[in-house]
Amino acid sequence: MAGVSNATPAPLPSADRPEVAARLREALLAASFTADGLLELLGAPAYAALARSETVPALRATRGDTPLETLVRLFLLQQPVPHAHVAEFLPVRACVESGWLAPAGVDEVAATVDVRPYGGPDGEDWFIVSDLGCAVGGAGGSASGGRQADAAVVLGVGGASTTLAGITVRKPVSAALDLGTGSGIQALHAAQHATRVTATDVNPRALHITALTLALSGAPAADLREGSLFEPLRDDETYDLIVSNPPFVISPGARLTYRDGGMGGDDLCRSVVQGAGERLNDGGFAQFLANWQHVEGEDWQDRIRSWVPRGCDAWIVQREVQDVTQYAELWLRDAGDHRGDPAEYRARYDAWLDEFEARKVKAVGFGWITLRRTKSAEPVITVEEWPHPVEQPLGDTVLAHFERLDHLRTHDDAALLAGRFRLAVEVVQEQVGLPGAEDPEHVVLRQNRGMRRATKVDTVGAGFAGVCDGSLSAGRILDAIAQLVGEDPVLLRDRTPAQIRLLVEQGFLEPAE
(Lines give C-alpha, C1' and ligand atoms only; values in the text may rest on other atoms or scores of the structure.)
Protein backbone atom coordinates (compact mmCIF):
# COMPACT_ATOMS: atom_id res chain seq x y z
CA MET A 1 0.00 0.00 0.00
CA ALA A 2 2.76 2.38 -0.96
CA GLY A 3 1.77 5.99 -0.70
CA VAL A 4 -1.34 5.33 1.35
CA SER A 5 -1.99 8.44 3.35
CA ASN A 6 -3.38 8.99 6.80
CA ALA A 7 -6.15 11.14 5.40
CA THR A 8 -9.70 10.69 6.50
CA PRO A 9 -11.29 7.87 4.46
CA ALA A 10 -13.60 8.98 1.69
CA PRO A 11 -17.33 9.09 2.53
CA LEU A 12 -19.24 5.96 1.59
CA PRO A 13 -22.57 5.62 -0.19
CA SER A 14 -25.59 5.56 2.07
CA ALA A 15 -26.52 2.12 3.30
CA ASP A 16 -30.04 3.37 4.05
CA ARG A 17 -31.16 3.82 0.45
CA PRO A 18 -31.94 0.26 -0.74
CA GLU A 19 -34.13 1.61 -3.52
CA VAL A 20 -31.13 3.37 -5.07
CA ALA A 21 -28.99 0.23 -4.80
CA ALA A 22 -31.78 -1.71 -6.53
CA ARG A 23 -31.98 0.85 -9.38
CA LEU A 24 -28.19 0.86 -9.73
CA ARG A 25 -28.13 -2.94 -9.81
CA GLU A 26 -30.77 -3.00 -12.53
CA ALA A 27 -28.78 -0.52 -14.62
CA LEU A 28 -25.52 -2.45 -14.21
CA LEU A 29 -27.16 -5.70 -15.29
CA ALA A 30 -28.82 -4.02 -18.28
CA ALA A 31 -25.38 -2.88 -19.46
CA SER A 32 -23.91 -6.41 -18.97
CA PHE A 33 -21.59 -5.12 -16.23
CA THR A 34 -21.20 -8.70 -15.00
CA ALA A 35 -18.34 -11.17 -14.63
CA ASP A 36 -19.21 -12.75 -17.99
CA GLY A 37 -19.68 -9.36 -19.61
CA LEU A 38 -16.29 -8.16 -18.39
CA LEU A 39 -14.52 -11.25 -19.69
CA GLU A 40 -16.16 -10.87 -23.08
CA LEU A 41 -15.32 -7.17 -23.30
CA LEU A 42 -11.75 -7.25 -22.00
CA GLY A 43 -10.59 -10.66 -23.13
CA ALA A 44 -8.79 -13.13 -20.88
CA PRO A 45 -5.34 -11.41 -20.82
CA ALA A 46 -6.68 -7.96 -19.84
CA TYR A 47 -9.14 -9.52 -17.38
CA ALA A 48 -6.32 -11.46 -15.71
CA ALA A 49 -4.10 -8.38 -15.67
CA LEU A 50 -6.60 -6.58 -13.43
CA ALA A 51 -5.92 -9.12 -10.69
CA ARG A 52 -2.24 -8.16 -10.91
CA SER A 53 -3.05 -4.45 -10.49
CA GLU A 54 -2.22 -3.85 -14.16
CA THR A 55 -4.88 -1.59 -15.65
CA VAL A 56 -3.33 -0.56 -18.98
CA PRO A 57 -4.76 -3.52 -20.96
CA ALA A 58 -8.25 -2.80 -19.55
CA LEU A 59 -7.93 0.90 -20.33
CA ARG A 60 -7.00 0.05 -23.91
CA ALA A 61 -9.98 -2.28 -24.18
CA THR A 62 -12.44 0.39 -22.96
CA ARG A 63 -11.62 3.32 -25.21
CA GLY A 64 -15.10 3.28 -26.74
CA ASP A 65 -18.24 4.86 -25.36
CA THR A 66 -20.57 1.89 -24.90
CA PRO A 67 -22.32 1.67 -21.53
CA LEU A 68 -20.22 -1.33 -20.50
CA GLU A 69 -16.92 0.33 -21.40
CA THR A 70 -17.96 3.44 -19.53
CA LEU A 71 -18.95 1.47 -16.42
CA VAL A 72 -15.65 -0.40 -16.39
CA ARG A 73 -13.74 2.89 -16.49
CA LEU A 74 -16.02 4.38 -13.84
CA PHE A 75 -16.29 1.62 -11.23
CA LEU A 76 -13.26 -0.62 -11.82
CA LEU A 77 -10.61 1.73 -13.19
CA GLN A 78 -11.71 4.83 -11.25
CA GLN A 79 -11.70 7.16 -14.23
CA PRO A 80 -14.03 10.20 -14.28
CA VAL A 81 -16.64 9.95 -17.03
CA PRO A 82 -18.89 12.58 -18.65
CA HIS A 83 -22.02 13.24 -16.61
CA ALA A 84 -24.23 13.58 -19.65
CA HIS A 85 -23.09 10.30 -21.18
CA VAL A 86 -23.39 8.14 -18.06
CA ALA A 87 -26.81 9.64 -17.33
CA GLU A 88 -28.09 7.81 -20.41
CA PHE A 89 -27.91 4.45 -18.61
CA LEU A 90 -27.40 5.15 -14.87
CA PRO A 91 -29.68 6.92 -12.36
CA VAL A 92 -26.95 9.53 -11.89
CA ARG A 93 -28.91 12.02 -9.78
CA ALA A 94 -29.98 9.34 -7.28
CA CYS A 95 -26.46 7.88 -7.24
CA VAL A 96 -24.92 11.28 -6.48
CA GLU A 97 -27.49 12.06 -3.79
CA SER A 98 -26.93 8.70 -2.08
CA GLY A 99 -23.13 8.84 -2.47
CA TRP A 100 -22.39 6.15 -5.08
CA LEU A 101 -21.06 8.85 -7.40
CA ALA A 102 -19.52 12.28 -6.81
CA PRO A 103 -18.98 15.31 -9.06
CA ALA A 104 -15.50 15.37 -10.59
CA GLY A 105 -13.99 18.11 -12.73
CA VAL A 106 -16.15 19.89 -15.25
CA ASP A 107 -19.35 18.03 -16.05
CA GLU A 108 -17.94 14.68 -14.95
CA VAL A 109 -18.69 12.17 -12.22
CA ALA A 110 -16.48 9.65 -10.43
CA ALA A 111 -17.17 6.56 -8.38
CA THR A 112 -16.77 6.80 -4.61
CA VAL A 113 -16.23 3.05 -4.22
CA ASP A 114 -14.98 0.13 -6.26
CA VAL A 115 -17.74 -2.10 -7.62
CA ARG A 116 -16.54 -5.42 -9.00
CA PRO A 117 -18.84 -7.87 -10.80
CA TYR A 118 -18.62 -11.31 -9.20
CA GLY A 119 -20.21 -14.52 -10.41
CA GLY A 120 -22.01 -16.64 -7.81
CA PRO A 121 -21.72 -20.45 -7.72
CA ASP A 122 -25.04 -20.94 -9.51
CA GLY A 123 -24.56 -18.21 -12.07
CA GLU A 124 -25.77 -15.34 -9.90
CA ASP A 125 -24.66 -11.84 -10.87
CA TRP A 126 -23.27 -10.24 -7.72
CA PHE A 127 -21.26 -7.09 -7.01
CA ILE A 128 -18.52 -6.75 -4.39
CA VAL A 129 -18.08 -3.21 -3.05
CA SER A 130 -14.74 -2.10 -1.63
CA ASP A 131 -12.65 1.00 -1.10
CA LEU A 132 -11.33 2.81 -4.14
CA GLY A 133 -8.63 0.81 -5.86
CA CYS A 134 -9.20 -2.34 -3.83
CA ALA A 135 -11.27 -4.35 -6.29
CA VAL A 136 -8.40 -4.34 -8.77
CA GLY A 137 -5.35 -6.12 -7.46
CA GLY A 138 -6.33 -6.25 -3.81
CA ALA A 139 -4.18 -4.25 -1.42
CA GLY A 140 -1.80 -3.21 -4.15
CA GLY A 141 -4.59 -1.37 -5.90
CA SER A 142 -5.37 0.70 -2.84
CA ALA A 143 -1.90 2.15 -2.98
CA SER A 144 -2.34 3.71 -6.37
CA GLY A 145 -3.66 7.05 -5.30
CA GLY A 146 -3.10 7.27 -1.58
CA ARG A 147 -6.84 7.36 -1.20
CA GLN A 148 -7.46 5.57 2.07
CA ALA A 149 -5.95 5.40 5.51
CA ASP A 150 -4.28 2.11 6.43
CA ALA A 151 -6.47 1.50 9.44
CA ALA A 152 -9.74 1.84 7.57
CA VAL A 153 -9.15 0.40 4.10
CA VAL A 154 -11.54 -2.38 3.07
CA LEU A 155 -10.27 -4.70 0.36
CA GLY A 156 -12.23 -6.27 -2.45
CA VAL A 157 -12.14 -9.84 -3.70
CA GLY A 158 -8.78 -11.59 -3.51
CA GLY A 159 -7.45 -15.10 -3.84
CA ALA A 160 -7.92 -15.82 -0.13
CA SER A 161 -11.56 -14.71 -0.26
CA THR A 162 -12.41 -16.95 -3.20
CA THR A 163 -10.47 -19.87 -1.70
CA LEU A 164 -12.51 -19.73 1.51
CA ALA A 165 -15.75 -19.35 -0.43
CA GLY A 166 -14.82 -22.40 -2.50
CA ILE A 167 -14.00 -24.74 0.39
CA THR A 168 -17.05 -23.79 2.48
CA VAL A 169 -19.71 -26.46 2.95
CA ARG A 170 -22.89 -25.28 1.24
CA LYS A 171 -26.00 -26.84 2.70
CA PRO A 172 -29.15 -25.23 4.07
CA VAL A 173 -28.61 -23.92 7.61
CA SER A 174 -30.56 -21.83 10.07
CA ALA A 175 -27.76 -19.52 11.21
CA ALA A 176 -24.39 -18.58 9.74
CA LEU A 177 -21.65 -16.32 11.10
CA ASP A 178 -19.10 -14.42 8.99
CA LEU A 179 -16.33 -13.48 11.40
CA GLY A 180 -14.36 -10.46 10.16
CA THR A 181 -16.58 -9.85 7.16
CA GLY A 182 -14.48 -7.26 5.28
CA SER A 183 -16.27 -6.44 2.03
CA GLY A 184 -18.94 -9.06 2.75
CA ILE A 185 -18.17 -11.78 0.20
CA GLN A 186 -18.55 -14.65 2.70
CA ALA A 187 -21.78 -13.17 4.08
CA LEU A 188 -23.07 -12.88 0.52
CA HIS A 189 -22.41 -16.56 -0.16
CA ALA A 190 -23.91 -17.58 3.19
CA ALA A 191 -27.07 -15.58 2.51
CA GLN A 192 -27.91 -18.02 -0.29
CA HIS A 193 -28.30 -21.01 2.04
CA ALA A 194 -28.69 -19.61 5.58
CA THR A 195 -31.94 -18.33 7.03
CA ARG A 196 -30.05 -15.84 9.18
CA VAL A 197 -26.57 -14.37 8.61
CA THR A 198 -24.58 -12.49 11.24
CA ALA A 199 -21.45 -10.61 10.15
CA THR A 200 -18.92 -9.05 12.51
CA ASP A 201 -15.90 -6.82 12.02
CA VAL A 202 -13.74 -4.62 14.19
CA ASN A 203 -13.78 -2.02 11.40
CA PRO A 204 -17.14 -0.16 11.19
CA ARG A 205 -16.28 0.83 7.62
CA ALA A 206 -16.19 -2.86 6.67
CA LEU A 207 -19.68 -3.38 8.08
CA HIS A 208 -20.97 -0.43 6.06
CA ILE A 209 -19.39 -1.83 2.89
CA THR A 210 -20.81 -5.28 3.60
CA ALA A 211 -24.28 -3.74 3.73
CA LEU A 212 -23.61 -2.14 0.33
CA THR A 213 -22.35 -5.42 -1.15
CA LEU A 214 -25.46 -7.27 -0.04
CA ALA A 215 -27.84 -4.55 -1.23
CA LEU A 216 -26.19 -4.14 -4.63
CA SER A 217 -26.16 -7.92 -5.10
CA GLY A 218 -29.86 -8.22 -4.34
CA ALA A 219 -29.20 -10.36 -1.26
CA PRO A 220 -31.02 -10.25 2.09
CA ALA A 221 -29.57 -7.90 4.70
CA ALA A 222 -27.33 -9.39 7.39
CA ASP A 223 -27.17 -8.71 11.13
CA LEU A 224 -24.04 -6.51 11.21
CA ARG A 225 -22.14 -6.13 14.49
CA GLU A 226 -19.03 -4.16 15.34
CA GLY A 227 -16.33 -5.76 17.48
CA SER A 228 -13.35 -8.07 17.57
CA LEU A 229 -13.73 -11.79 16.87
CA PHE A 230 -16.59 -13.27 18.92
CA GLU A 231 -17.00 -10.24 21.22
CA PRO A 232 -20.15 -8.86 19.52
CA LEU A 233 -22.05 -12.12 20.10
CA ARG A 234 -24.32 -12.89 23.01
CA ASP A 235 -23.26 -15.74 25.28
CA ASP A 236 -26.10 -17.99 24.12
CA GLU A 237 -25.67 -17.48 20.35
CA THR A 238 -24.65 -20.54 18.34
CA TYR A 239 -24.42 -21.25 14.62
CA ASP A 240 -24.59 -24.03 12.07
CA LEU A 241 -21.84 -22.45 9.97
CA ILE A 242 -18.95 -20.16 10.93
CA VAL A 243 -16.57 -18.83 8.29
CA SER A 244 -13.63 -16.50 8.67
CA ASN A 245 -10.82 -15.12 6.56
CA PRO A 246 -9.23 -13.40 9.55
CA PRO A 247 -6.33 -10.94 9.56
CA PHE A 248 -3.95 -13.88 9.86
CA VAL A 249 -0.63 -12.27 8.92
CA ILE A 250 2.02 -12.88 11.60
CA SER A 251 3.68 -9.49 11.89
CA PRO A 252 5.31 -7.14 14.39
CA GLY A 253 2.47 -4.87 15.46
CA ALA A 254 -0.86 -4.28 13.75
CA ARG A 255 -0.12 -1.63 11.15
CA LEU A 256 -2.71 -2.78 8.60
CA THR A 257 -6.09 -3.69 10.05
CA TYR A 258 -7.21 -5.72 7.04
CA ARG A 259 -4.34 -8.23 7.42
CA ASP A 260 -2.55 -7.87 10.79
CA GLY A 261 -4.30 -9.40 13.76
CA GLY A 262 -2.57 -7.40 16.47
CA MET A 263 -1.84 -10.42 18.66
CA GLY A 264 1.56 -12.04 19.15
CA GLY A 265 2.63 -14.68 16.64
CA ASP A 266 -0.24 -16.88 15.49
CA ASP A 267 -2.34 -16.23 18.60
CA LEU A 268 -5.16 -14.58 16.65
CA CYS A 269 -5.69 -17.62 14.42
CA ARG A 270 -5.51 -19.89 17.46
CA SER A 271 -8.10 -17.75 19.26
CA VAL A 272 -10.47 -17.85 16.28
CA VAL A 273 -10.24 -21.64 16.00
CA GLN A 274 -10.52 -22.32 19.72
CA GLY A 275 -13.37 -19.87 20.18
CA ALA A 276 -15.46 -21.46 17.45
CA GLY A 277 -16.03 -24.71 19.32
CA GLU A 278 -18.54 -23.37 21.84
CA ARG A 279 -20.33 -21.40 19.11
CA LEU A 280 -21.15 -24.40 16.91
CA ASN A 281 -24.38 -26.36 16.98
CA ASP A 282 -24.14 -30.15 16.78
CA GLY A 283 -23.05 -31.10 13.28
CA GLY A 284 -22.14 -27.49 12.49
CA PHE A 285 -19.05 -26.51 10.52
CA ALA A 286 -16.47 -23.79 11.15
CA GLN A 287 -14.07 -23.05 8.31
CA PHE A 288 -11.07 -20.74 8.32
CA LEU A 289 -7.97 -19.66 6.49
CA ALA A 290 -4.98 -19.34 8.79
CA ASN A 291 -1.24 -18.93 9.20
CA TRP A 292 0.68 -20.89 11.80
CA GLN A 293 4.24 -20.79 13.05
CA HIS A 294 6.80 -23.54 12.53
CA VAL A 295 8.80 -23.29 15.75
CA GLU A 296 12.23 -24.80 16.33
CA GLY A 297 12.01 -28.06 18.29
CA GLU A 298 8.23 -28.32 17.83
CA ASP A 299 6.20 -30.40 15.39
CA TRP A 300 3.96 -28.01 13.46
CA GLN A 301 1.22 -30.64 13.28
CA ASP A 302 1.19 -30.97 17.06
CA ARG A 303 0.98 -27.19 17.33
CA ILE A 304 -2.02 -26.85 15.08
CA ARG A 305 -3.67 -29.96 16.51
CA SER A 306 -3.59 -28.32 19.96
CA TRP A 307 -5.80 -25.51 18.63
CA VAL A 308 -8.77 -27.80 17.95
CA PRO A 309 -11.49 -27.28 20.57
CA ARG A 310 -12.98 -30.20 22.47
CA GLY A 311 -15.94 -31.90 20.88
CA CYS A 312 -14.87 -31.15 17.32
CA ASP A 313 -13.59 -33.25 14.47
CA ALA A 314 -11.05 -31.35 12.38
CA TRP A 315 -9.49 -31.47 8.94
CA ILE A 316 -6.45 -29.23 8.62
CA VAL A 317 -4.63 -28.88 5.30
CA GLN A 318 -1.32 -27.05 5.02
CA ARG A 319 -1.16 -25.64 1.50
CA GLU A 320 2.09 -23.68 1.60
CA VAL A 321 5.18 -23.08 3.75
CA GLN A 322 7.53 -20.10 3.54
CA ASP A 323 10.75 -19.48 5.42
CA VAL A 324 10.75 -16.33 7.53
CA THR A 325 12.60 -14.22 4.94
CA GLN A 326 10.19 -15.15 2.15
CA TYR A 327 7.26 -14.48 4.44
CA ALA A 328 8.50 -11.06 5.56
CA GLU A 329 9.26 -10.03 1.97
CA LEU A 330 5.82 -11.11 0.78
CA TRP A 331 3.98 -8.91 3.23
CA LEU A 332 6.42 -6.00 2.97
CA ARG A 333 5.70 -5.99 -0.76
CA ASP A 334 1.98 -6.28 -0.02
CA ALA A 335 2.23 -3.05 1.97
CA GLY A 336 4.30 -1.37 -0.76
CA ASP A 337 7.23 -0.87 1.63
CA HIS A 338 9.71 -1.94 -1.05
CA ARG A 339 8.77 1.18 -3.03
CA GLY A 340 9.37 3.55 -0.13
CA ASP A 341 12.41 4.81 1.75
CA PRO A 342 15.17 2.11 1.68
CA ALA A 343 16.19 2.77 5.27
CA GLU A 344 12.60 2.43 6.48
CA TYR A 345 12.20 -0.77 4.45
CA ARG A 346 15.32 -2.28 6.06
CA ALA A 347 14.14 -1.27 9.52
CA ARG A 348 10.77 -2.94 8.99
CA TYR A 349 12.41 -6.05 7.54
CA ASP A 350 14.66 -6.20 10.61
CA ALA A 351 11.66 -5.86 12.89
CA TRP A 352 9.98 -8.88 11.25
CA LEU A 353 13.11 -11.00 11.59
CA ASP A 354 13.62 -9.86 15.20
CA GLU A 355 10.08 -10.96 16.00
CA PHE A 356 10.56 -14.37 14.42
CA GLU A 357 13.95 -14.87 16.08
CA ALA A 358 12.54 -14.02 19.50
CA ARG A 359 9.81 -16.64 18.99
CA LYS A 360 12.21 -19.21 17.46
CA VAL A 361 10.07 -19.30 14.32
CA LYS A 362 11.80 -20.83 11.30
CA ALA A 363 8.90 -20.84 8.83
CA VAL A 364 5.20 -20.01 8.47
CA GLY A 365 2.52 -22.33 7.14
CA PHE A 366 -0.69 -21.34 5.39
CA GLY A 367 -3.76 -23.49 4.98
CA TRP A 368 -7.36 -24.37 5.64
CA ILE A 369 -8.94 -25.42 8.91
CA THR A 370 -12.36 -27.08 9.05
CA LEU A 371 -14.05 -27.99 12.33
CA ARG A 372 -17.23 -29.98 12.75
CA ARG A 373 -19.06 -30.27 16.05
CA THR A 374 -19.52 -33.93 16.91
CA LYS A 375 -21.19 -35.96 19.62
CA SER A 376 -18.57 -38.69 19.28
CA ALA A 377 -16.58 -39.48 22.39
CA GLU A 378 -13.46 -39.70 20.23
CA PRO A 379 -13.21 -36.80 17.77
CA VAL A 380 -10.89 -37.32 14.82
CA ILE A 381 -8.28 -34.71 13.91
CA THR A 382 -6.65 -35.06 10.49
CA VAL A 383 -3.63 -32.84 9.78
CA GLU A 384 -1.90 -33.11 6.44
CA GLU A 385 0.25 -31.26 3.95
CA TRP A 386 -1.17 -31.00 0.44
CA PRO A 387 0.51 -28.28 -1.70
CA HIS A 388 -0.73 -29.74 -4.99
CA PRO A 389 -3.46 -28.36 -7.29
CA VAL A 390 -7.07 -29.03 -6.28
CA GLU A 391 -10.40 -28.54 -8.03
CA GLN A 392 -12.50 -25.74 -6.60
CA PRO A 393 -15.18 -25.50 -5.35
CA LEU A 394 -14.39 -28.06 -2.64
CA GLY A 395 -17.37 -27.63 -0.35
CA ASP A 396 -18.92 -30.95 -1.35
CA THR A 397 -15.52 -32.63 -1.00
CA VAL A 398 -15.17 -31.28 2.54
CA LEU A 399 -18.65 -32.47 3.46
CA ALA A 400 -17.98 -35.92 1.98
CA HIS A 401 -14.74 -36.17 3.99
CA PHE A 402 -16.63 -35.89 7.28
CA GLU A 403 -19.40 -38.21 6.11
CA ARG A 404 -16.82 -40.88 5.29
CA LEU A 405 -15.22 -40.24 8.66
CA ASP A 406 -18.53 -41.01 10.36
CA HIS A 407 -18.83 -44.24 8.36
CA LEU A 408 -15.35 -45.42 9.32
CA ARG A 409 -15.86 -44.47 12.97
CA THR A 410 -18.99 -46.60 13.25
CA HIS A 411 -17.69 -49.64 11.31
CA ASP A 412 -15.16 -52.03 12.78
CA ASP A 413 -13.20 -54.36 10.50
CA ALA A 414 -15.95 -56.98 10.41
CA ALA A 415 -18.57 -54.37 9.48
CA LEU A 416 -16.20 -52.90 6.90
CA LEU A 417 -15.80 -56.28 5.19
CA ALA A 418 -19.56 -56.79 5.21
CA GLY A 419 -20.09 -53.38 3.58
CA ARG A 420 -20.18 -52.46 -0.09
CA PHE A 421 -18.20 -49.68 -1.77
CA ARG A 422 -18.05 -47.78 -5.06
CA LEU A 423 -15.00 -46.39 -6.79
CA ALA A 424 -15.22 -42.58 -6.71
CA VAL A 425 -15.86 -40.69 -9.93
CA GLU A 426 -12.86 -40.10 -12.22
CA VAL A 427 -10.33 -42.23 -10.36
CA VAL A 428 -7.71 -43.67 -12.70
CA GLN A 429 -4.97 -46.24 -12.24
CA GLU A 430 -1.34 -45.73 -13.21
CA GLN A 431 1.29 -48.46 -13.29
CA VAL A 432 4.90 -47.50 -12.74
CA GLY A 433 7.83 -49.72 -13.64
CA LEU A 434 10.67 -50.36 -16.06
CA PRO A 435 9.74 -50.66 -19.74
CA GLY A 436 9.10 -54.25 -20.68
CA ALA A 437 8.89 -55.47 -17.09
CA GLU A 438 6.28 -58.16 -16.50
CA ASP A 439 4.99 -56.59 -13.29
CA PRO A 440 4.84 -52.90 -12.30
CA GLU A 441 7.03 -51.66 -9.45
CA HIS A 442 3.97 -50.07 -7.94
CA VAL A 443 0.42 -49.07 -8.78
CA VAL A 444 -0.94 -45.56 -8.22
CA LEU A 445 -4.59 -44.56 -7.92
CA ARG A 446 -5.16 -40.93 -8.89
CA GLN A 447 -8.21 -38.68 -8.48
CA ASN A 448 -9.04 -36.23 -11.24
CA ARG A 449 -11.60 -34.38 -9.12
CA GLY A 450 -11.72 -32.72 -5.71
CA MET A 451 -8.41 -32.93 -3.84
CA ARG A 452 -6.82 -34.73 -6.80
CA ARG A 453 -4.97 -37.11 -4.54
CA ALA A 454 -2.65 -39.90 -5.58
CA THR A 455 -1.83 -42.95 -3.46
CA LYS A 456 0.23 -46.10 -3.93
CA VAL A 457 -1.55 -49.44 -3.59
CA ASP A 458 -0.48 -53.04 -3.94
CA THR A 459 -1.97 -55.32 -6.58
CA VAL A 460 -4.66 -56.50 -4.16
CA GLY A 461 -5.67 -52.90 -3.38
CA ALA A 462 -5.76 -52.00 -7.07
CA GLY A 463 -7.79 -55.09 -7.94
CA PHE A 464 -10.16 -54.48 -5.05
CA ALA A 465 -10.78 -50.83 -6.01
CA GLY A 466 -11.26 -51.76 -9.65
CA VAL A 467 -14.23 -54.04 -9.03
CA CYS A 468 -15.97 -51.91 -6.39
CA ASP A 469 -19.28 -50.98 -8.01
CA GLY A 470 -21.54 -51.33 -4.97
CA SER A 471 -22.86 -54.75 -5.90
CA LEU A 472 -20.60 -57.04 -3.82
CA SER A 473 -19.45 -56.84 -0.22
CA ALA A 474 -15.79 -56.11 0.45
CA GLY A 475 -15.37 -59.58 1.95
CA ARG A 476 -16.72 -61.37 -1.12
CA ILE A 477 -14.44 -59.33 -3.39
CA LEU A 478 -11.42 -60.24 -1.27
CA ASP A 479 -12.37 -63.92 -1.32
CA ALA A 480 -12.48 -63.81 -5.12
CA ILE A 481 -9.10 -62.05 -5.26
CA ALA A 482 -7.61 -64.63 -2.88
CA GLN A 483 -8.73 -67.42 -5.17
CA LEU A 484 -7.21 -65.67 -8.21
CA VAL A 485 -3.80 -65.04 -6.61
CA GLY A 486 -3.68 -68.28 -4.63
CA GLU A 487 -3.65 -66.63 -1.21
CA ASP A 488 -5.33 -67.75 2.01
CA PRO A 489 -8.64 -65.81 2.09
CA VAL A 490 -8.57 -65.57 5.90
CA LEU A 491 -5.13 -63.95 5.87
CA LEU A 492 -6.19 -61.60 3.10
CA ARG A 493 -9.27 -60.54 5.04
CA ASP A 494 -7.08 -59.89 8.08
CA ARG A 495 -4.55 -57.61 6.39
CA THR A 496 -6.70 -55.67 3.92
CA PRO A 497 -9.12 -53.60 6.08
CA ALA A 498 -6.39 -51.06 6.90
CA GLN A 499 -5.88 -50.40 3.18
CA ILE A 500 -9.64 -50.17 2.61
CA ARG A 501 -9.91 -47.64 5.44
CA LEU A 502 -7.19 -45.50 3.88
CA LEU A 503 -8.86 -45.57 0.46
CA VAL A 504 -12.19 -44.59 2.01
CA GLU A 505 -10.66 -41.88 4.19
CA GLN A 506 -8.91 -40.29 1.20
CA GLY A 507 -11.99 -40.45 -1.01
CA PHE A 508 -10.97 -43.12 -3.51
CA LEU A 509 -13.78 -45.38 -2.33
CA GLU A 510 -17.24 -44.33 -1.18
CA PRO A 511 -19.64 -46.37 0.97
CA ALA A 512 -22.48 -47.72 -1.17
CA GLU A 513 -24.84 -48.16 1.77
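Just so it is clear, the values below take in all heavy atoms, side chains as well, and ignore hydrogens, waters and symmetry mates.
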> Can any side-chain N or O of E355 pair as donor or acceptor with the backbone N or O of W352 at less than 3.5 Å?
Replying inline: no

> L405 and D313: side-chain contact (heavy atoms from CB on, under 4.5 Å), yes or no, with the steps?
Replying inline: CA-CA 9 Å; L405 180 65; D313 294 320; 3.9 Å; yes

> Taking all atoms of both residues into account, what is the closest heavy-atom pair of D266 and Q293, and its distance?
Replying inline: OD2-N, 2.8 Å

>> Using a 6.0 Å cut-off, check whether atom CD of E40 has over 12 heavy atoms from anything other than its own residue.
In response: no

> Within a radius of less than 6.0 Å around CG of D396, do more than 12 heavy atoms belonging to other residues, nucleotides or ligands occur?
Replying inline: no

>> Can a side-chain donor-acceptor contact be found between N245 and Q186 if the only test is distance below 3.5 angstrom?
In response: no

> If we ignore angles and hydrogens, is there a donor and acceptor under 3.5 Å between the side chains of D201 and T181?
Replying inline: no

> Closest approach of N291 and V249, non-hydrogen atoms and distance?
Replying inline: OD1-CA, 4.2 Å

>> Name the residue from H338, E344, E329 that meets the side-chain hydrogen bond (donor to acceptor under 3.5 Å, both in side chains) definition with Y349.
In response: E329

>> Checking side-chain polar atoms at under 3.5 Å, does E231 have a donor or acceptor matched by the opposite partner on S228?
In response: no

>> For W300 and H294, take the angle between the two ring planes, folded into 0 to 90°, and tell me which bin it lands in: parallel under 30, tilted 30 to 60, perpendicular over 60.
In response: parallel

>> Before you tell me yes or no, could you show the steps for Q78 and T112 under side-chain contact (heavy atoms from CB on, under 4.5 Å), namely the whole-Å CA-CA distance, both residues' side-chain angles and the distance that decides it to 0.1 Å?
In response: CA-CA 9 Å; Q78 278 84 64; T112 59; over 6 Å; no

>> I'd like to know whether CG of D235 has more than 12 heavy-atom contacts from other residues, nucleotides or ligands below 6.0 angstrom.
In response: no

> Would Q192 and H189 count as a side-chain contact (heavy atoms from CB on, under 4.5 Å) if you check the C-alpha gap in whole Å, the side-chain angles of each, and the deciding distance to 0.1 Å?
Replying inline: CA-CA 6 Å; Q192 311 309 305; H189 276 277; 5.6 Å; no

> Just by modelled atom types, is the V81 backbone N or O under 3.5 Å from a matching donor or acceptor in the R73 side chain?
Replying inline: no

>> Enumerate the salt bridge (Lys or Arg N to Asp or Glu O under 4.0 Å) contacts for residues 165-181, please, sequence neighbours excluded, ordered by first and then second residue.
In response: none

> When you check the side-chain N and O atoms of D323 and T325, is any donor under 3.5 Å from an acceptor?
Replying inline: yes

>> If the test is side-chain contact (heavy atoms from CB on, under 4.5 Å), which one of D125, L28, L41, L74 qualifies with F33?
In response: L28

> Should E226 and T200 be marked as a side-chain contact (heavy atoms from CB on, under 4.5 Å) after you check the CA-CA gap, both sets of side-chain angles, and the distance that decides it?
Replying inline: CA-CA 6 Å; E226 181 181 346; T200 71; over 6 Å; no

> Between R25 and G218, what is the shortest heavy-atom contact and its length?
Replying inline: CD-N, 3.9 Å

>> Working note: E237 + R234, criterion salt bridge (Lys or Arg N to Asp or Glu O under 4.0 Å); need CA distance, chi angles, decisive distance, verdict.
In response: CA-CA 5 Å; E237 285 186 285; R234 299 189 306 272; 3.7 Å; yes

> Hey, is CZ on R452 packed in by over 12 heavy atoms from elsewhere, all under 6.0 Å?
Replying inline: yes

> Which residues satisfy the ring pair (Phe, Tyr, Trp, His ring centres under 6.0 Å) test with Y239, sequence neighbours excluded?
Replying inline: none

> Looking at the rings of F75 and F127, which for Trp means the six-membered one, are their centres under 6.0 Å apart?
Replying inline: no

> Where do A194 and A176 come nearest, in terms of heavy atoms and distance?
Replying inline: CB-CB, 3.8 Å

>> Which residue is it: E384, Q447, Q506, H388? I am looking for the one with a side-chain hydrogen bond (donor to acceptor under 3.5 Å, both in side chains) to R453.
In response: E384

>> Which label fits W292 and W307: parallel for a plane angle under 30°, tilted from 30 to 60°, or perpendicular past 60°?
In response: perpendicular

> Is D107 atom CG crowded by more than 12 heavy atoms from other residues, nucleotides or ligands, each under 6.0 Å away?
Replying inline: no

> For the residue pair Y118 and W126, does the interplanar ring angle fall in the parallel (under 30°), tilted (30 to 60°) or perpendicular (over 60°) class?
Replying inline: parallel

>> Could you report the tightest heavy-atom contact between T198 and R225, atom names first, then the distance?
In response: CG2-NE, 3.9 Å

> Do the two ring centres, one from F248 and one from F288, sit under 6.0 Å apart?
Replying inline: no

>> Using every non-hydrogen atom in the two residues, find where D114 and L76 come nearest and quote the distance to one decimal.
In response: OD1-O, 3.8 Å

